[in-house]
Amino acid sequence: MNSQCPIGIDPMVGDLDGETARIRAAGPITKLELLGVPAWTITDHAIARRLLTDTRLVKDIDAWSLWSSGVVTREWPLIGMIDAGRSMFTVDGGEHRRLRAKTAQALAPRRLAELRPVIERMTAELLDDLAVAGAGGKVVDLKQVFAYPLPMRVIGELMGVDRADHPQLLDWYKAFFSVMTPQDERLEVIDAMDAYFTDLVRKKTASPGDDLTSAFINADEGGELLTEEEVVGNIKALVAAGHETTIGLIVNTVRALLAKPDQLANVVAGEIDWKAAIEETLRWDSPVTHLLMRFATEDITVGHDVIAKGDGVVMSYRAIGRDTAVHGETADDFDATRSTVSRHLAFGYGPHICPGAALSRLEAAIALPALFARFPGIRLAVPDNELGNLPVLTQNDLEALPVTLHQAASPPVSG
Ligand code: PLO
């Protein structure tokens, strides 16, 4: 039983591998302390799968006893991750299916095929920017110049968000996720984002476009109209989830490969599929560290522990990816040739499984080969162990990824 001493999570993310190991060592189900608030977490692949399809766990924050009793309030820095408005992210059952239906259509493989050339063009543009920023062997932050803007451009295109607004949105999300942001500021950012997306919905109501925002607003034949709150909630969820996590996927894959030149060489030579390298990153260095949160509507027994009615349950996806029962004793190593690369839960499981999984895989599968084809000499500019994580508790992404694009030009040979 682990319920006695919750494991504190370092909000500065000073040693993520150490922390992942520590919570795994505490058992398949254990208690975390998230900035002062206790919650169960799952680190075991099989248990996670079981609970992610258990209808006794729900997303509705009102089922959380610490919230309904007023112990947790809007002052808690992580509240925005849970009290996020009504959307496909926060409801279950039939209502959830209704709110999610159009997203599934919009992100279906056939529709994604149409997006491919658009993503290729965006990638090529950003690689041009990267070439300029890193010209002459200068150290350049690959995250800032390449990985950070790309996913917002893609999801922005899909949702009908103006390119001119992307820098503002990215700033807001950065402040929203960072533990460094004072809570009063974070609450203002949340209000500003709500106002922004409400305004977007009203504009698209007045003049619809060929985008998912307009599709949410307009009921199709036999379809039921979503309320404005639901449309806004869905858009907020898709823009947030559609960019932040994919930045992490691109950054973490580049980092893994630059730190493992042998595997990178095999990927570039076509001996290892790009797909395998991307799946292995999802497993080994999952862009989502902890997913907050589900709540028990009745007591749920898991092994020797009982998740009591009203308790909160986190899925620690990065730890789940290191489950030795699934991936063997080498689970802590990045190995794109392992047979279990695809057996991860980085996109979740069950009814809430990530509706954007195929889109994020597509973005990574376009961006990464293009990057390494254009800059075959790309190298880390600092040792791997000096790369620092963003101070974000739930998301796994680097603060910066300094690289050089070309090996330094050799000095001119004199004589
Ligand atoms: C971000 C703030 C938004 O206003 C509401 C919202 C909805 C969906 C959430 C997202 C927030 C944070 C990132 C999440 C996303 C769903 C999937 C994504 C949790 C809270 C992941 C897995 O990281």
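Start at 1 and go down the list; that is how both ligands and their atoms are numbered. Position 1 is the first residue of the sequence; numbering continues from there.
Counting heavy atoms closer than 4.0 Å to ligand 1, residue Glu244 contributes nothing at all. Contact annotation: for Leu291 versus ligand 1, heavy atoms closer than 4.0 Å belong to the side chain alone.
Among protein heavy atoms, the minimum distance from atom 10 (C) of ligand 1 is reached at Ala240 CB, 3.8 Å. Looking from atom 20 (C) of ligand 1 to the surrounding protein, the closest heavy atom is Gly80 O, 3.5 Å. The closest protein non-hydrogen atom to atom 4 (O) of ligand 1 is Lys236 CE, 3.6 Å. Protein heavy atom in closest approach to atom 7 (C) of ligand 1: Ala237 CA, 3.4 Å. Remark: minimum distance from atom 5 (C) of ligand 1 to any protein heavy atom is reached at Ala84 CB, 3.7 Å. The nearest heavy-atom contact from the protein to atom 23 (O) of ligand 1 is Gln395 NE2, 2.9 Å.
A donor and an acceptor atom, one from each side chain of Arg322 and Thr20, are nowhere located under 3.5 Å apart. A side-chain donor from one of His290 and Ser316 sits under 3.5 Å from a side-chain acceptor of the other.
Checked against a 6.0 Å centroid threshold, the rings of His352 and His96 count as neighbours.
In terms of the ring-ring contact (aromatic ring centres under 6.0 Å, His included) criterion, Trp67 has no residue partners (sequence neighbours excluded).
Residue Asn385 qualifies as enclosed at atom CG: its count of foreign heavy atoms under 6.0 Å is above 12. Heavy-atom neighbours of Lys260 NZ from other residues, nucleotides or ligands within 6.0 Å: above the threshold of 12.
Across all their heavy atoms, Glu157 and Leu115 have their closest contact at CG-CD2, 4.4 Å.
In the candidate list Phe347, Phe176, Phe89, Phe177, Phe177 is nearest to atom 13 (C) of ligand 1, counting heavy atoms. Taking all heavy atoms of Pro287, Cys354, Ser286, Ala241 into account, the minimum distance to atom 15 (C) of ligand 1 is reached by Ala241.
Using a distance-only test at 3.5 Å, with no hydrogens or angles considered, a donor-acceptor pair links the side chain of Gln263 to the main chain of Phe334.
Numbered from 1 in the order shown, with element, the atoms of ligand 1 that lie under 4.0 Å from a heavy atom of Thr245 read 21 (C), 23 (O). The Val288 neighbourhood of ligand 1 comprises atoms 21 (C), 22 (C), 23 (O), with distances under 4.0 Å to a heavy atom of that residue.
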